[in-house]
Amino acid sequence: MSLSRRAFLRLGGAAAIAAPFLSLGRRADAAAAGPARRLIVFYFPDGVVGPSQDGEPSLWDPTGSETSFSLPVQLAPLERHKARCVFFRGLSMGPTDQGSHPGGAKKLLTAVDGGNGVSIDQRLAASVGAGAPFRHLYLGAQANQNNASGDKHISYVAPGITTAPEDDPVAAFARLFGSAGGGGGGGGGDPRAPRRLTVIDNAGQELDQLRRELDTRDQRRLDLHLEALREVEARIMATAGGGPATCDHPVVDTSGVTAATLYAPERFPQILRAQTDLMVQAMACGLTKVGVLQGSHHTSELIMSRFAGTPMYDPGFDMRSHQASHYGPHHDPARREYRDYLAQRVWWVEQFAYLLDQLAARPEDGGTMLDHSLVLLATEVCDGNTHRHDDMPFVLAGGAGTIRPGRLLDVGGRRHADLLLALAHG
């Protein structure tokens, strides 16, 4: 399905297409009345543990009825947001380029084979987002690693032409809030004032040098120690040190993120968290209405075994995302790739849940930001080992007045273009 600009501008009359797909109906709560105020797409790479080559069922799909269902282990981090989500079974991106990571990435937000269209985020940026200071915000976490370009990115500004996300949260902070400072922490009422540097910020280069000189065991100890220190600093900043983040006082932790560390795999969790916080802060301050968060890129070489403090952490073994996704023909707990891949997928869903946490924590007109948002979790293939484009593992969160969340929808092979159209209508 391809949307021309003229057709897109007629979306007000598209309810006949969108409504049956999502069983759209006005929500009863006044807090979520009316259309959504913002759209955020959260992308992660390399699919999920879906149906195996041997015919074992997907370990992503919830089980049960439309309104009474259980979440599998990969979706367990969303249990606290279950009532705010719509889960799907049988959602297809079509047969073209089936079995291909690039093919899936091209269709993901364009719903057009070969990426020969403008993606839904860019369509909305040119319409509902046009009046915002930033009509479109595209933030990445190591999404440009190894000079990635083209089909590694998911936002299409013209047929066959992608734009690159901003991978550097320090640069993104400066662009959004006008700060000239480095490191992390907060800023004052003057957006041109430097951000306040924390103790860890000021020692960033020395700490990076120290980490390089330590063996893997001591590196882990250092990372755990720094994590504890950051928590202390955050508590100080939130009390005596200047208060919580506001539009006049934006606070994002970019401590130690430099040009030299921007693509270090062990920094990835912090960078993704910073970009997520930036996205929410920018939305809360009215700087943008349309945003895309891209974690890495398809066929990712991200070494997730270097994520300290996670079940994946193993400094003695480099396990990459795409490497783990080829876990074999069946779900075999005895195979390391399978165990690591499953843990990786749970981790990604935890990051999406964190995004929802941040939106739900901010009051907005009788509800929360999440009540007034549409937030889509998406990846470019179904099962990471087979690269299928059927039964796509998407989750839609939020509400506004246009969707009724807390449901599991079996759409019977319907194309995801209808979902994108429903998002535009919402």
Side-chain angles (χ1 to χ4, degrees), residues 1 14-36 39-42 47-51 55-94 108 111 120 345-346 348-349 352-353 355-357 359-360 367-368 370-379 382-383 388-426:
M1 177 180 180
I17 298 175
F21 177 63
L22 285 179
S23 303
L24 297 180
R26 292 293 175 184
R27 288 174 53 172
D29 52 312
L39 170 71
I40 303 175
V41 176
F42 185 103
V48 301
V49 182
E56 295 167 302
S58 172
L59 297 186
W60 175 270
D61 289 342
T63 55
S65 64
E66 179 178 344
T67 57
S68 179
F69 55 91
S70 300
L71 300 182
V73 63
Q74 289 178 101
L75 289 172
L78 288 178
E79 189 66 42
R80 64 184 180 272
H81 292 295
K82 182 178 174 181
R84 303 185 186 203
C85 294
V86 179
F87 302 90
F88 302 96
R89 284 199 305 242
L91 189 63
S92 174
M93 293 203 299
L108 187 63
I120 193 66
R345 304 308 99 182
V346 173
W348 281 114
V349 176
F352 181 67
L355 168 60
L356 301 187
D357 289 341
L359 293 168
T368 69
L370 184 55
D371 291 322
H372 296 284
S373 303
L374 292 174
V375 193
L376 180 67
L377 175 68
T379 185
C382 174
D383 181 80
R388 289 177 47 179
H389 294 176
D390 299 318
D391 199 19
M392 292 301 296
F394 295 172
V395 177
L396 177 61
T402 53
I403 70 168
R404 287 186 292 109
R407 292 181 299 152
L408 168 62
L409 297 182
D410 191 333
V411 298
R414 194 153 182 173
R415 293 290 294 270
H416 86 298
D418 291 343
L419 172 59
L420 299 187
L421 183 59
L423 291 178
H425 182 70

Yes or no on side-chain contact (heavy atoms from CB on, under 4.5 Å) for Val375 and Phe352, after CA distance, side-chain angles and deciding distance? CA-CA 9 Å; Val375 193; Phe352 181 67; 3.6 Å; yes

side-chain contact (heavy atoms from CB on, under 4.5 Å) for Leu377 and Leu355? Distances and angles first, verdict last. CA-CA 10 Å; Leu377 175 68; Leu355 168 60; over 6 Å; no

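The CG atom of Leu59 sits 6.0 Å away from the CD atom of Gln74 when rounded to the nearest 0.5 Å. Here CG of Leu423 is found 6.0 Å from CG of Leu420. Values are rounded to the nearest 0.5 Å. The NE2 atom of His389 sits 9.5 Å away from the CG atom of Leu108 when rounded to the nearest 0.5 Å. Between Glu66 atom CD and Arg404 atom CZ the span is 6.5 Å, to the nearest 0.5 Å. Atom OG of Ser92 sits about 9.0 Å away from atom CZ of Arg388, to the nearest 0.5 Å. Leu408 contributes atom CG, which lies 8.0 Å from atom CG of Asp61 (distance to the nearest 0.5 angstrom).
Looking only at side-chain heavy atoms (C-beta outward), Leu75 and Val395 come within less than 4.5 Å of each other. Looking at Val346 and Pro77, their side chains come closer than 4.5 Å, going by heavy atoms from C-beta outward.
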Sequence neighbours excluded and cut-off under 3.5 Å, please list the side-chain donor-acceptor pairs for residues 81-90, or say none.
from: His81; atom 1: NE2; to: Asp357; atom 2: OD1; distance (Å): 2.6
from: Lys82; atom 1: NZ; to: Phe69; atom 2: O; distance (Å): 2.3
from: Arg89; atom 1: NH1; to: Pro62; atom 2: O; distance (Å): 2.9

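Here Met392 pairs with Met93, Cys382, Phe394 under the side chain to side chain contact (heavy atoms under 4.5 Å, CB included) rule; sequence neighbours left out. The side-chain hydrogen bond (donor to acceptor under 3.5 Å, both in side chains) test applied to Ser58 returns no partner, not counting sequence neighbours. Residues that satisfy the side-chain hydrogen bond (donor to acceptor under 3.5 Å, both in side chains) test with Glu56, not counting sequence neighbours, are Ser52.
Here the closest non-hydrogen pair linking Ala360 and Thr368 is O-CG2, 3.2 Å. Nearest approach of Gly47 to Thr379, heavy atoms of both residues: N-OG1, 3.1 Å.
Under the side-chain contact (heavy atoms from CB on, under 4.5 Å) rule, Ile40 has a single partner from Leu374, Leu359, Leu376, which is Leu359.
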